[in-house]
Amino acid sequence: IGAKKLMSKMSDPEFLKKLVPVLKKYAPKVAAKLGISMTGVIVPEGISTVLGLGGMGLAAYDVYQLAKTVPEIYQMFQGE
């Protein structure tokens, strides 16, 4: 998975709706981190948005690592 494709998919709300249930099954802590980060991005306050984006970046890294070992997650990123 390339970084550009990873971030593109991770910023798509429709894709995240499909990804979160899979993450809950394999990595519930990553799913929780992603949920908290998404909330931070949505809240219209400067500091929470910055922290939310940072959390999204960390969650994206975790998802990238999971995709190496969980074929179901890897396949999600390969589909268009």
Side-chain angles (χ1 to χ4, degrees):
I1 302 171
K4 184 177 180 180
K5 186 173 201 171
L6 177 76
M7 292 311 292
S8 173
K9 293 262 188 180
M10 293 287 291
S11 63
D12 178 8
E14 292 301 315
F15 178 78
L16 289 175
K17 287 180 187 176
K18 297 174 190 171
L19 179 64
V20 169
V22 177
L23 285 178
K24 285 181 181 177
K25 183 164 79 172
Y26 293 104
K29 289 182 181 179
V30 175
K33 185 189 304 183
L34 185 59
I36 291 167
S37 298
M38 288 171 30
T39 302
V41 171
I42 293 169
V43 174
E45 180 183 299
I47 192 70
S48 63
T49 301
V50 169
L51 292 174
L53 290 173
M56 287 281 288
L58 292 174
Y61 177 78
D62 292 340
V63 169
Y64 173 77
Q65 295 300 321
L66 279 169
K68 292 179 181 179
T69 58
V70 180
E72 188 174 354
I73 294 173
Y74 181 81
Q75 289 299 322
M76 291 181 78
F77 281 95
Q78 294 307 308
E80 297 300 321

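What's counted below: heavy atoms across the whole structure, side chains too, no hydrogens, waters or symmetry copies.
When all heavy atoms are compared, the tightest approach of Lys5 to Phe77 is CE-O, 2.9 Å. The two residues Lys25 and Glu72 have their closest heavy-atom pair at NZ-OE1, 3.2 Å.
Here CD of Glu14 is found 4.0 Å from NZ of Lys17. Values are rounded to the nearest 0.5 Å. Here the straight-line distance linking atom CD of Gln65 with atom CD1 of Ile73 works out to 11.5 Å at 0.5 Å rounding. The distance from atom CG of Leu23 to atom CG of Asp62, rounded to the nearest 0.5 Å, is 9.5 Å.
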